[in-house]
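Heads up: the structure comes next, in structure tokens.
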Amino acid sequence: GIKTEEIPLETGAHWSPFNFTSLGPTVPSFNTSLNSGLVLNKKSLADQLSKQAIWIKDIEDHIKWLEDHLEVATLNAKTRARIDVKKSMQKTKADQLALLASEKVKYDILSASQCSGVP
């Protein structure tokens with residue numbers, strides 16, 4: 001039989017971009033998805049960035065709504081007084097601000113990676 005060390009290995013010239021587990025670093029993408037490697041399709045990258053931008057705008061709108069309705073938004077059995085409502089809404093706003101910061105970082109990482117800006 002043929003010994004494997006006698007078979008020369010082809011290097012560098014022939015490879016399949018679909019025969020890899022990852023073509024590059026894993027970066028966060030829209031929602032909870034991850035993008036592992038290069039985006040070989042610019043439309044896919046543009047779509048991911050567009051969805052992420054819309055999500056960021058939705059979070060910003062929610063924060064604005066929270067600010068506008070800080071004292072009256074959650075009047076219920078647990079938050080009957082305005083001070084309770086205000087405390088509850090401030091916690092919600094803080095959570096949304098943290099989410100917004102996280103999603104902006106995700107957008108920046110995605111837009112700075114991959115094939116963005118490459119003709």
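Computed over heavy atoms, backbone and side chain alike; hydrogens, waters and symmetry mates excluded. Quick note: residue numbers are just sequence positions, from 1.
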- Atom pair CH2/CG of W55 and L99 - distance to nearest 0.5 Å: 5.5 Å
- Message: Restricting to non-hydrogen atoms, name the atom on K93 and the atom on L66 that form the minimum distance, rounded to 0.1 Å.
- Response: CA-CD1, 3.8 Å
- Which residues share a salt bridge (charged side-chain N to carboxylate O under 4.0 Å, His left out) with D108, sequence neighbours left out: none
- Message: Can you list everything that forms a side chain to side chain contact (heavy atoms under 4.5 Å, CB included) with Q90? Sequence neighbours excluded, please.
- Response: L70, K86
- Query: Could you state the interatomic distance from CG (L97) to OG1 (T92), rounded to the nearest 0.5 Å?
  - Reply: 11.0 Å
- Message: Run the salt bridge (charged side-chain N to carboxylate O under 4.0 Å, His left out) test against K87 and tell me which residues pass, sequence neighbours left out.
- Response: none
- Item | Atom NZ of K51 with >12 non-hydrogen neighbours under 6.0 angstrom | no
- Message: Which residues pass the side chain to side chain contact (heavy atoms under 4.5 Å, CB included) test with I54, not counting sequence neighbours?
- Response: S50, D58
- Residues in side chain to side chain contact (heavy atoms under 4.5 Å, CB included) with K91, at least two apart? D95
- Task: Could you check if a side-chain atom of E103 sits within less than 4.5 angstrom of a side-chain atom of E60, using non-hydrogen atoms only?
- Result: no
- Which atom of Y107 lies closest to which atom of I56, heavy atoms considered: CB-CD1, 3.8 Å
- Those residues that, when tested against Q96, pass side chain to side chain donor-acceptor pair (under 3.5 Å) (two or more places apart): H62
